[in-house]
Amino acid sequence: GELDEHEKIVSILKEVDVVISTVAYPQFLDQLKIVHAIKVAGNIKRFLPSEFGCEEDRVRPLPPFEAYLEKKRIVRRAIEAVEIPYTFVSANCYGAYFVNVLLRPFEPHDDVVVYGNGEAKAVFNYEEDIAKCTIKVINDPRTCNRIVIYRPQTNIISQLELISLWEQKTGRSFKRVHISEEELVKLSQIL
């Protein structure tokens with residue numbers, strides 16, 4: 001059903017005991033409708049909102065991303081306020097998405113943009129692994145009303161390390177075009 005069909009959503013929720021939301025960013029605040037419907041239904045044992053990215057209460061990002069995270073915080077605070085059982089899954093970077101953005105593997109090019117010095121580490125997780133982790137926490141009582149951070153040590157890598165791995169895999173060498181931290185901050189303020 002549509003998220004605006006409150007009664008229909010409530011009736012559907014009465015037939016399940018776990019809700020995993022995958023609402024995309026443009027509609028992120030629409031999850032508040034799901035939260036309200038869960039409260040009305042009264043039978044949901046666990047709600048996993050569409051979080052899955054970084055742990056929004058622990059990061060201090062640049063302005064455009066901060067606005068995105070603020071919407072996630074609004075939903076999180078609403079869930080906590082109505083006291084429905086939840087688990088927040090934080091898996092940091094969606095590997096395929098960020099590899100496509102950072103390396104542009106489907107475009108012919110000889111250069112790659114390096115942000116800052118390229119040594120900042122990030123957690124790159126394969127989307128299917130995030131899904132498996134999410135499914136595993138559903139019935140685990142230790143994860144109820146908690147944050148689960150999915151961060152395998154082998155998935156923590158810098159942009160320069162990622163570029164080197166890509167060069168090894170493709171047998172190509174890429175010219176690194178650096179964007180300084182200062183330039184990146186300036187760009188973030190105009191976006």
Would you find a donor on one side and an acceptor on the other, under 3.5 Å apart, between the side chain of [X] and the backbone of [Y]?
X	Y	value
Asn43	Val16	yes
Asp111	Val177	no
Thr87	Thr143	yes
His178	Gly118	no
Asn92	Gly53	no
Arg46	Asp140	yes
Gln159	Val113	yes
Gln31	Ser50	yes
Asn125	Tyr150	yes
Glu119	Leu160	no

**Study point:** Non-hydrogen side-chain atoms of Ile38 and Val82 separated by less than 4.5 Å
**Key:** no
Check your understanding: When you look at His6 and Val10, which way does the side-chain contact (heavy atoms from CB on, under 4.5 Å) test go after all the steps?
Key -> CA-CA 6 Å; His6 177 76; Val10 170; 3.6 Å; yes
Exercise for review: Apply the salt bridge (charged side-chain N to carboxylate O under 4.0 Å, His left out) test between Asp110 and each candidate in Arg176, Arg104, Lys175, Arg172; give the one that qualifies.
Suggested key: Arg172
Check your understanding: Looking at Arg76, Arg73, Lys71, which one forms a salt bridge (charged side-chain N to carboxylate O under 4.0 Å, His left out) with Glu56?
Key -> Arg76
Point to revise | Stepwise side-chain contact (heavy atoms from CB on, under 4.5 Å) test for Leu29 and Val23 | key: CA-CA 9 Å; Leu29 290 177; Val23 171; over 6 Å; no
Could you tell me the separation between the [atom1] atom of [X] and the [atom2] atom of [Y], rounded to the nearest 0.5 Å?
X	Y	atom1	atom2	value
Gln153	Ile156	CD	CD1	4.0 Å
Thr134	Asp129	OG1	CG	10.5 Å
Arg58	Ile149	CZ	CD1	4.0 Å
Ile44	Ile84	CD1	CD1	8.5 Å

Practice item. Go through Phe88 and Asp57 one step at a time and tell me if the side-chain contact (heavy atoms from CB on, under 4.5 Å) criterion holds. Key: CA-CA 11 Å; Phe88 303 134; Asp57 287 336; over 6 Å; no
Exercise for review: Starting from the C-alpha separation in whole Å, work towards a yes-or-no answer on ring-ring contact (aromatic ring centres under 6.0 Å, His included) for Tyr68 and Phe65.
Suggested key: CA-CA 5 Å; Tyr68 164 77; Phe65 193 55; 5.1 Å; yes
